[in-house]
Every structure is written in C-alpha cells, then in structure tokens.
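To start, the structure itself, in structure tokens.
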Amino acid sequence: MEFLIIVVYNIDMEKKNYYVDLVLKKEKKRNESMLQAYMNRLSKLPKGSLVIRRINGKEYCYLRYREKDKVIHKYAGTINQVDDIKMKIEERKHLIDLIDMLKEEKKRILKMEAVK
C-alpha cells in the first residue's frame, strides 16, 4: 500500500484544505482501482470447497458451493490438480478479505469527504 504524507506548516487554511482534498481524491481513486482489480481477479477464481469423489476406482475433484437454496457440485479436475485448486481457493479467500478491507476504507474516505 502506498501512503502519501504531507507535512504542512504555516500555510493558510485554503491551501491546507486543497491538500486534504487532493489526498482524499487520490486515495479514493486508488481504492476504486484496487477494488476493481481484485473483483476482476476474484471472478476468475473457483468458489466453494474442494470435495474428492471416487468414481469407478478413480478420484475426481469437485467444487461444492451454494447458489441460492441449492448445493452445486461442479467438476474441477483430476486428483492430480488438487494442489492447484486448493491454492486458487486460498487465493480467493485472501482476495475476499482484501476486498472487505477496501470496502471499509472506502466508507471512511466517503465520511472524510462529507466532513468538508
């Protein structure tokens, strides 16, 4: 994360307000850009939990997730792909946490903008 720190001494209030507005504008733009990038990445990752099924003596991976009231089992690959699928599921969980943090940050930015 980037932070912009401005130290302001002996500057009139108009200039101080300008700098504060500038920082808020940049932070809002950064926040929106990161949110969009994370949401795009999230849409490409598998959702749900990994389930391994044995069919005719062979093991297959399925993703189990919920859509409305139904539990969906979607084929995800062979047993050889387990590690890759697990990694993608973990990445999805991590991105969801980051997105939640960015949404909270966005709320704070909007509150600061409203104070003007």
Side-chain angles (χ1 to χ4, degrees):
M1 278 191 192
E2 291 183 28
F3 293 100
L4 177 63
I5 299 175
I6 298 175
V7 180
V8 181
Y9 299 104
N10 298 328
I11 297 178
D12 61 43
M13 284 304 289
E14 189 174 308
K15 285 186 180 177
K16 285 182 185 179
N17 288 340
Y18 168 77
Y19 289 127
V20 170
D21 290 345
L22 183 65
V23 169
L24 281 175
K25 186 177 179 181
K26 285 185 178 185
E27 282 302 304
K28 187 176 181 181
K29 186 176 181 180
R30 179 198 58 81
N31 179 281
E32 290 170 355
S33 145
M34 289 177 71
L35 255 174
Q36 187 62 44
Y38 290 160
M39 294 297 279
N40 287 341
R41 178 67 184 141
L42 187 67
S43 69
K44 295 175 183 158
L45 292 172
K47 65 180 177 178
S49 58
L50 188 63
V51 177
I52 298 174
R53 288 185 175 175
R54 182 178 291 274
I55 301 172
N56 295 329
K58 294 184 181 181
E59 292 181 325
Y60 299 94
C61 299
Y62 287 83
L63 290 170
R64 179 176 51 206
Y65 58 94
R66 195 171 278 283
E67 277 187 9
K68 297 182 184 176
D69 294 344
K70 293 183 179 181
V71 175
I72 308 293
H73 288 85
K74 182 178 175 183
Y75 177 74
T78 63
I79 196 70
N80 298 333
Q81 298 169 312
V82 168
D83 292 335
D84 184 46
I85 296 167
K86 283 182 180 179
M87 219 167 48
K88 288 179 180 178
I89 291 171
E90 287 301 314
E91 182 181 356
R92 181 181 181 84
K93 289 177 185 178
H94 180 68
L95 281 175
I96 289 171
D97 290 342
L98 290 174
I99 288 169
D100 289 343
M101 287 180 359
L102 284 171
K103 285 180 179 178
E104 286 299 316
E105 182 181 273
K106 184 176 183 175
K107 287 180 188 177
R108 290 193 310 271
I109 291 170
L110 293 175
K111 282 182 183 179
M112 285 185 245
E113 282 184 331
V115 171
K116 291 192 235 179

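Numbers here are sequence positions counted from 1. Basis for what follows: all heavy atoms, side chains included, without hydrogens, waters or symmetry-related copies.
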Indicate the atoms forming the closest heavy-atom contact of L63 with A76, along with that distance.
CG-CB, 3.8 Å
Before giving the answer on side-chain contact (heavy atoms from CB on, under 4.5 Å), spell out for E90 and K86 the whole-Å C-alpha distance, their side-chain angles and the decisive distance to 0.1 Å.
CA-CA 6 Å; E90 287 301 314; K86 283 182 180 179; 5.6 Å; no
Flag, side chain of Q81 to backbone of T78, donor-acceptor distance under 3.5 Å:
yes
Could you pull out the closest heavy-atom pair between C61 and V82, with the gap in Å?
SG-CG2, 3.3 Å
I'd like to know if V23 and L110 are part of one continuous hydrophobic network [Ile/Leu/Val/Met/Phe/Trp/Tyr, side-chain heavy atoms within less than 4.5 Å].
no
Compare every heavy atom of L42 with every heavy atom of R92, then report the nearest pair and how far apart it is.
NH1-O, 3.0 Å
I109/E105 under side-chain contact (heavy atoms from CB on, under 4.5 Å): CA gap, chis, key distance, verdict:
CA-CA 6 Å; I109 291 170; E105 182 181 273; 4.1 Å; yes
So which heavy atom on I55 is nearest to which on Y62, and how close?
CD1-OH, 3.7 Å
Can a salt bridge be assigned to the pair K88 and D84 using a cut-off of 4.0 Å between side-chain N and carboxylate O?
yes
Determine whether I89 and I96 fall in the same hydrophobic cluster, where Ile, Leu, Val, Met, Phe, Trp and Tyr are linked whenever their side-chain heavy atoms lie under 4.5 Å apart.
no
At what distance, to the nearest 0.5 angstrom, does NZ of K44 lie from CD of E91?
11.0 Å
Are any of the side-chain nitrogens in E27 or R30 under 4.0 Å away from the carboxylate oxygens of its partner?
yes
Out of curiosity, does I85 fall in the hydrophobic cluster containing I52 (side-chain heavy atoms, cut-off under 4.5 Å, transitive links)?
yes
Should we count NE2 of H94 as having more than 12 external heavy atoms under 6.0 Å?
no
Test item: I79 and K58 side chains (from C-beta on) under 4.5 Å apart, heavy atoms:
no
Rounded to the nearest 0.5 Å, what separates atom CG in L95 from atom CG in N40?
11.0 Å
Output for pair (R53 CZ, R64 CZ), nearest 0.5 Å, gives 8.5 Å
From N80 atom CG to Y60 atom OH, the distance as rounded to the nearest 0.5 Å:
11.0 Å
Side-chain heavy atoms under 4.5 angstrom apart, residues restricted to Ile, Leu, Val, Met, Phe, Trp, Tyr: same cluster for M39 and M34?
yes
Under the salt bridge (charged side-chain N to carboxylate O under 4.0 Å, His left out) test, residues paired with E104 that sit two or more places apart
K107
With a 4.5 Å heavy-atom cut-off, do L98 and M101 have their side chains touching?
yes
L45 with I99, same ILVMFWY side-chain cluster at under 4.5 Å:
yes
